[in-house]
> 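Below is one structure. I have some questions about it.
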Amino acid sequence: MEKAKKKNMTIQRSLFFKRLRIDLRDNWTIYLMVLIPLVWLIVFCYVPMSGIQLAFKTFKAKLGIWGSPWIGFKNFERFFKSYSFGTILWNTVSINVYSLVVGFPIPIVFALFLNYLRHRKLKKTVQMVSYAPYFISTVVMCGMIIIFLDKDTGAVNQLLRLLGMDGVNFMGTPAYFKDIYVWTSVWQGMGWSSIIYISALAGVDYQLHEAAIVDGANKLQRIWYVDLPSIKPTIIMLLILQIGSLMGVGFEKVFLLQNDLNMSESEVISTYVYRVGLINTDYGYSTAVGLFNSVINLLLLVAANQLCKRLTKESLF
Amino acid sequence: MSGKITKDQNVFKMRLSVDKTFDVVNLVLMIVMLLVFAWPLWFVVIASFSDPGAVYRGEVILFPKGITLESYRAIVKYKQIWIGYRNTIFYTVAGTLINLFITICLAYPLSRRKFMPKKIIMAIALVTMYFGGGLIPSYLVVRGLHMTNTIWAMMIPNALSVYNMLIVRAYFCNSIPVSLEEASTLDGAGPMQYLVRVVLPLSKPVLAVIALYYMVGHWNDYYSALIYINDQGLRPLQSFMRDLLVNNSVTRVTGGSLSPEEMQAKLYLAQTLKYSSIIVATVPMLVVYPFVQKYFVKGVMVGSIKG
């Protein structure tokens, strides 16, 4: 019995290798082809992953990554005990939660309302104009924010003065930073994010709407009882993805909007990693801070996925 | 009997009135949204064409005032912008070609039903979507390859987006009939010939979409230059734009003594230079945009189907 099983396994194994040999012979070009991206993935994704060991080391340029001495969790300890740890963590979490709470539902509401707009031309125009900001680069976007909010010459302050109010130094006041960050992101991204919902809404079976109309539902009720349940899977999928990137606040935008005055509200983990890593060349410490960020991210993604699985039977993986 | 009819009619009337209010509110809301999206963009355009002094004093709000091409004349003389422009065009064209090549090299094998190591390679690719080495380890790899301060740093470290690869793979799998492969195999075509003669020509829409994703990415890329590039001559447009817009460091061209009026005029001009540079830096994307808009929408959909 035992022997037969073993024999069976060896036969299967040799069959596998035979099949692989045939596949290699017939489709060697495919194997050659896949080698290019595979090498790229290894060099630019997996080799850096092996570099994560730096988080537990103190980097010595002469010894390289592998040769540098281990120091255990000292880098992490230093981060947790550092003066700015609390502020940075709070800024990262609060900017992200704020972005999620504001930025996630607005495109959905926008799509729902746009879907009921009766003027076809206006609908097309609104849609097209709403995508446009997405194509503006982060640098130009931040430049526009700074120009529009300038305390003397900015268009927003000019408008405020026209209305008889005092000008506000938006970029120089730490308290405004998060609002500026979140709402300009909404402006830039909501049209684009709504595309997916608009197309999901276009796919809703119109018979459901007809039935609802016969039952006397008004448009608000149709939104609530027909449209929303129909696009629920899309919403949940995107929500999980968003929660997964909760800690991954866009480095570029925060970095570009940062100035000495608003630093207390604008320093987040990714900008801190850049500052201590590339500016101060404190490689080990910077890697540790970055690792802390990615691990939390990963945990959030898995947790969000599990939660959604339990609550709604929908999940990403 | 009659009572029931009036009740139904009431419900009907109420629904009509609710719907009417809804439509009006919706219309107003959408017009407001239209203004909110359009005004900042419109403002940049009119400010770039207006008299610098008028913009400075806040007289330009809805329409251009004292139309002049002065700020465009200034931007033509602003050398760095054009160095950046040249570099960015190169990075965008060459980078996108590299992107497409590597993306197809991965998407095509993974789309073949009988490719044996499909699962493991897929797993290798997917892991990188959720976990990476982070800033410093990536930087050390690029530096170790002696790529920092070369054009390669702008194109190779971001040569592949796994997300885009998944979009292409989904298209190869779902939109190209299996019977075509059988037919071409019967005709004696190998996997490569099948790719070049059948798959790629049939996949033009999806290739257009991801080419555009990659293009926009390269055009707007600022991060790679910040981390890997120091050489002035290699910097892309976005990094010069940062100097101009964010750091406010317009290099003063002419020296010598200036009268207060001239100083004032220069200050105004530096301000409108920003608007014209925004236009110059964004126009290529906005020109392409209306043509490809429908493809972008399709692309988003293809991406969402994959899950």
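Since we're looking at a predicted model, the values are computed, not measured. Excluded from the calculations below are hydrogen atoms, water molecules and symmetry mates; all remaining heavy atoms, backbone and side chain alike, are included.
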> With under 30° as parallel and over 60° as perpendicular, where do the rings of A:Phe135 and A:Trp192 fit, or are they tilted in between?
perpendicular

> At a heavy-atom separation under 4.5 Å, does B:Phe22 approach chain A through its side chain, its backbone, both, or neither?
side chain

> Between A:Leu159, A:Val47, A:Ile147, A:Ile42, which shows the greatest number of heavy-atom pairs under 4.5 Å with chain B?
A:Ile147

> Are A:Met144 and A:Val140 side-chain neighbours, meaning at least one heavy-atom pair lies under 4.5 Å?
yes

> Picking from B:Val127, B:Ile278, B:Val60, B:Leu226, which has the most non-hydrogen pairs under 4.5 angstrom with chain A?
B:Leu226

> Is it the side chain or the backbone of B:Val36 that comes within 4.5 Å of chain A heavy atoms, both, or neither?
both

> Using non-hydrogen atoms only, which part of B:Leu140 is less than 4.5 Å away from chain A: side chain, backbone, both, or neither?
side chain

> If the condition is side chain to side chain contact (heavy atoms under 4.5 Å, CB included), which residues does A:Asn157 pass it with, not counting sequence neighbours?
A:Lys151, A:Leu160, A:Arg161, A:Val168, A:Phe170

> Mind checking whether B:Phe43 and B:Trp39 have parallel, tilted or perpendicular rings, split at 30° and 60°?
tilted

> Determine the option with the most heavy-atom pairs under 4.5 angstrom with chain B, choosing from A:Leu41, A:Leu278, A:Ile136, A:Ile145.
A:Leu278

> Does any backbone or side-chain atom of B:Thr282 lie under 4.5 Å from a heavy atom of chain A? Answer side chain, backbone, both or neither.
side chain

> Which bit of B:Ala125 is near chain A, if near means a heavy-atom gap under 4.5 Å: side chain, backbone, both or neither?
both

> Could you tell me the separation between the CE atom of B:Met129 and the OG atom of B:Ser161, rounded to the nearest 0.5 Å?
7.0 Å

> Is it true that the side chains of A:Tyr274 and B:Tyr223 contain a donor and an acceptor less than 3.5 Å apart?
no

> Can you tell if the side chain of A:Tyr197 reaches within under 4.5 Å of the side chain of A:Pro107, non-hydrogen atoms only?
yes

> Without swapping roles, check the side chain of A:Asp150 against the backbone of A:Asp152 for a donor-acceptor pair under 3.5 Å.
yes

> Heavy-atom pairs under 4.5 Å with chain A are the metric here; pick the option from B:Ala47, B:Pro109, B:Pro117 that has the most.
B:Pro109

> What part of A:Leu117 lies closer than 4.5 angstrom to a heavy atom of chain B: side chain, backbone, both or neither?
both

> Does B:Arg235 make a cation-pi contact with B:Phe240, if we ask for NZ or CZ under 6.0 Å from the ring centre and within 45° of the axis?
yes

> Side chain from CB out, backbone as N, CA, C, O: work out which of these in B:Tyr139 comes under 4.5 Å of a heavy atom of chain A, or both, or neither.
side chain

> Report the option among A:Arg222, A:Gln221, A:Gln158 that has the most heavy-atom pairs separated by less than 4.5 Å from atoms of chain B.
A:Gln158

> Could you tell me which of B:Leu29, B:Ile121, B:Asp23, B:Thr103 has the largest number of non-hydrogen atom pairs under 4.5 Å with chain A?
B:Asp23

> Is B:Met215 in contact with chain A via its backbone, its side chain, both, or neither, using a 4.5 Å heavy-atom distance?
neither

> Between B:Leu41, B:Ile102, B:Thr128, B:Asp221, which residue shows the highest count of heavy-atom pairs closer than 4.5 Å to chain A?
B:Thr128

> Using non-hydrogen atoms and a 4.5 Å limit, figure out which bit of A:Phe113 sits close to chain B: side chain, backbone, both or neither.
both

> So do B:Thr88 and B:Trp219 actually touch side chain to side chain, heavy atoms under 4.5 Å?
yes

> Is chain A contacted by the side chain of B:Leu195, its backbone, both, or neither, given a heavy-atom distance below 4.5 Å?
side chain

> Where do B:Gln238 and B:Arg242 land on the side chain to side chain contact (heavy atoms under 4.5 Å, CB included) test, with the steps shown first?
CA-CA 6 Å; B:Gln238 298 299 334; B:Arg242 183 202 173 198; over 6 Å; no

> For B:Leu135, is it the side chain, the backbone, both or neither that has a heavy atom under 4.5 Å from a heavy atom of chain A?
side chain

> With a 4.5 Å heavy-atom cut-off, do A:Phe44 and B:Val142 have their side chains touching?
yes

> Is B:Arg112 in contact with chain A via its backbone, its side chain, both, or neither, using a 4.5 Å heavy-atom distance?
side chain

> Under 4.5 Å from any heavy atom of chain A, what part of B:Ile61 do you find: side chain, backbone, both or neither?
side chain

> Which residue out of A:Leu238, A:Val126, A:Thr234, A:Thr125 racks up the most heavy-atom pairs below 4.5 Å with chain B?
A:Val126

> Could you go through residues 22-40 of chain A and list every donor-acceptor pair under 3.5 Å that involves a side-chain atom there, pairing it with any protein atom two or more places apart or in another chain?
{"residue": "A:Asp23", "atom": "OD1", "partner": "A:Asn27", "partner atom": "ND2", "Å": "2.8"}
{"residue": "A:Asp23", "atom": "OD2", "partner": "A:Tyr31", "partner atom": "OH", "Å": "2.6"}
{"residue": "A:Asp23", "atom": "OD2", "partner": "B:Met116", "partner atom": "N", "Å": "3.4"}
{"residue": "A:Trp40", "atom": "NE1", "partner": "B:Ile156", "partner atom": "O", "Å": "2.8"}

